Protein chains: 2
Amino acid sequence: IIQFEGISRFFHVGNEVVKALREVSLTITDNEFVAIMGPSGSGKSTMMNILGCLDTPTAGKYYLNNQDVSQMSDNELAEVRNREIGFIFQTFNLLQRSTALENVMLPLIYSGISKSERQSRAEAKLDEVQLSDRMKHKPNELSGGQRQRVAAARALINNPSIVLADEPTGNLDSKTSIEIMGLLENIHKIGNTIIVVTHEEDIALHAHRIIRMLDGRIASDEKNKTI
Amino acid sequence: IIQFEGISRFFHVGNEVVKALREVSLTITDNEFVAIMGPSGSGKSTMMNILGCLDTPTAGKYYLNNQDVSQMSDNELAEVRNREIGFIFQTFNLLQRSTALENVMLPLIYSGISKSERQSRAEAKLDEVQLSDRMKHKPNELSGGQRQRVAAARALINNPSIVLADEPTGNLDSKTSIEIMGLLENIHKIGNTIIVVTHEEDIALHAHRIIRMLDGRIASDEKNKTI
Ligand SMILES: Nc1ncnc2c1ncn2[C@@H]1O[C@H](COP(=O)(O)OP(=O)(O)OP(=O)(O)O)[C@@H](O)[C@H]1O
Ligand SMILES: Nc1ncnc2c1ncn2[C@@H]1O[C@H](COP(=O)(O)OP(=O)(O)OP(=O)(O)O)[C@@H](O)[C@H]1O
Ligand SMILES: [Mg+2]
Ligand SMILES: [Mg+2]
């Protein structure tokens with residue numbers, strides 16, 4: 001359902017060109033659980049932003065469910081981002097002036113369900129990440145790990161068919177990390193696709209396939225032999 | 001040189017009171033290397049903000065180098081924050097409109113040295129964290145781990161006698177994490193005090209003493225037996 005063909009992404013800073021992704025080709029099918037690893041600056045978040053339709057490549061083709069993303073209208077893209085994809089960002093990207101509850105309710109706004117139903121679903125999601133007692137807090141009234149969990153709850157509330165999680169456990173203790181990975185595994189079991197960027201080998205071992213990046217390219221792409 | 005006596009910090013959110021720190025007492029002497037661990041929300045960053053003179057306690061006394069911090073003037077506090085303490089924040093807190101180089105130069109502004117000297121020292125610091133080729137990038141033109149390294153370089157440029165590092169390796173691959181911990185160990189060896197908040201046991205094992213927090217209190221405080 002995800003196909004990259006020769007995807008490149010270059011950034012221009014002053015006179016220099018940063019080649020963040022260099023002709024990356026990749027196929028991810030339905031219901032895969034993929035971990036992406038690699039050194040700092042190797043292009044992981046850049047790849048995730050393109051996968052999540054938040055950034056466009058400099059060159060190459062991205063087919064999502066057999067549709068060429070570059071040919072989609074703005075409405076189609078917005079639809080895909082809101083309904084199909086759940087994104088846990090490396091820097092959380094929560095709305096600073098909204099509470100945890102309001103942040104988690106946000107993706108449901110165009111789903112046509114009532115406000116009270118949106119609220120009870122968001123409360124249930126926050127309960128799954130043990131934040132029932134922090135629902136009325138704004139992001140600056142939360143700890144780093146609590147913000148990360150709100151970002152996770154928000155990404156998962158729409159039951160997206162593709163979850164993109166960029167370092168979802170970087171600020172979490174081992175117990176909470178295991179709980180977040182458990183949530184992702186449950187989503188995988190009911191048929192969805194999970195792509196996790198992580199620096200931690202034991203987080204990567206939850207996945208069935210491990211892709212390692214280096215300098216904007218895929219250096220290796222292998223099954224997880226321990227599963 | 002650091003003494004907490006019955007330090008409490010309460011936050012008010014609507015009608016509720018969050019007891020982030022509850023009567024914490026603690027002594028840290030010169031040239032210690034301390035790791036602080038504990039679950040998400042247990043009060044670690046709150047404690048670090050008080051240690052760094054960025055937040056004031058609700059109750060209790062904080063003596064820094066035998067001086068009662070609550071009795072210091074604003075000028076004395078600013079002096080301490082700028083000259084004595086280097087802070088690597090959990091969320092980096094870089095200036096978005098300044099380049100990596102400008103961010104790292106910032107703490108030297110009141111040190112009385114020339115701009116060209118400040119610039120060459122900042123360049124050297126960025127070289128120590130392998131970011132010589134990213135000096136002109138702004139924070140949003142950097143990867144997560146690169147921002148974390150800029151935050152580290154900025155915290156260390158003044159050779160502060162106390163380094164407070166709140167999850168300094170959360171976004172870093174193992175190789176870069178080891179390099180950052182190496183920098184902190186060097187600073188420790190030349191006589192300074194290092195306090196690191198971390199969720200990762202192998203990062204904590206670089207320290208000589210491990211304090212574990214739980215629900216706003218210190219649950220345990222022990223020597224690192226592996227050293
Ligand atoms: N400004 C604030 N207003 C209200 N509550 C706050 C505020 N800052 C922190 N808290 C609460 O105080 C508690 C401690 O927060 P703190 O940031 O110190 O935790 P932490 O140990 O650093 O957690 P983490 O490992 O997730 O970073 C948390 O439960 C948090 O919700
Ligand atoms: N907007 C931008 N402008 C210029 N350069 C950028 C931009 N975004 C990223 N880069 C550069 O592209 C490269 C890849 O960045 P990316 O964020 O994808 O790395 P990453 O693998 O996610 O790293 P990390 O593990 O540190 O999060 C980095 O060298 C970074 O400096
Ligand atoms: Mg990244
Ligand atoms: Mg914290």
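Here is the naming used below: chain letters follow the sequence lines, and residue numbers restart at 1 for every chain. Remember, it's a predicted structure, so these values are computed and weren't measured experimentally.
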I want to check something: taking the side chain as every heavy atom from C-beta on, are [X] and [Y] in contact at a cut-off of under 4.5 Å?
X	Y	answer
Asp173(B)	Met37(A)	no
Gln146(B)	Ser40(A)	yes
His137(B)	Val18(A)	yes

For Asp133(A), is it the side chain, the backbone, both, or neither that has a heavy atom closer than 4.5 Å to a heavy atom of chain B?
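When you check distances to chain B, only backbone atoms of Asp133(A) fall under 4.5 Å.
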Chain B contact via Glu16(A) - which portion, at a heavy-atom distance below 4.5 Å:
side chain
Is Ser45(B) in contact with chain A via its backbone, its side chain, both, or neither, using a 4.5 Å heavy-atom distance?
neither
For chain A, which of Gly144(B), Ala20(B), Ser177(B) has the most heavy-atom pairs under 4.5 Å?
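Among the listed options, the one with the most contacts to chain A is Gly144(B).
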Best-contacting candidate, Gln148(B), Arg134(B), Lys138(B), Glu201(B), against chain A by heavy atom pairs under 4.5 angstrom
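Greatest number of close heavy-atom pairs with chain A: Arg134(B).
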Gln90(A) and Asn171(B): side chain donor to acceptor below 3.5 Å:
yes
Scan side-chain atoms only and decide if Glu141(B) and His12(A) contain a donor-acceptor pair under the 3.5 Å cut-off.
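Checked: Glu141(B)/His12(A) side chains show no N/O donor-acceptor pair below 3.5 Å.
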More than 12 heavy atoms of other groups within 6.0 Å of [X] [atom1]:
X	atom1	answer
Asn140(B)	CG	yes
Glu123(B)	CD	yes
Glu5(A)	CD	yes

Rounded at 0.5 Å granularity, tell me how far NE2 in His199(A) sits from OG1 in Thr176(B).
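Spacing of NE2 (His199(A)) from OG1 (Thr176(B)) equals 7.0 Å.
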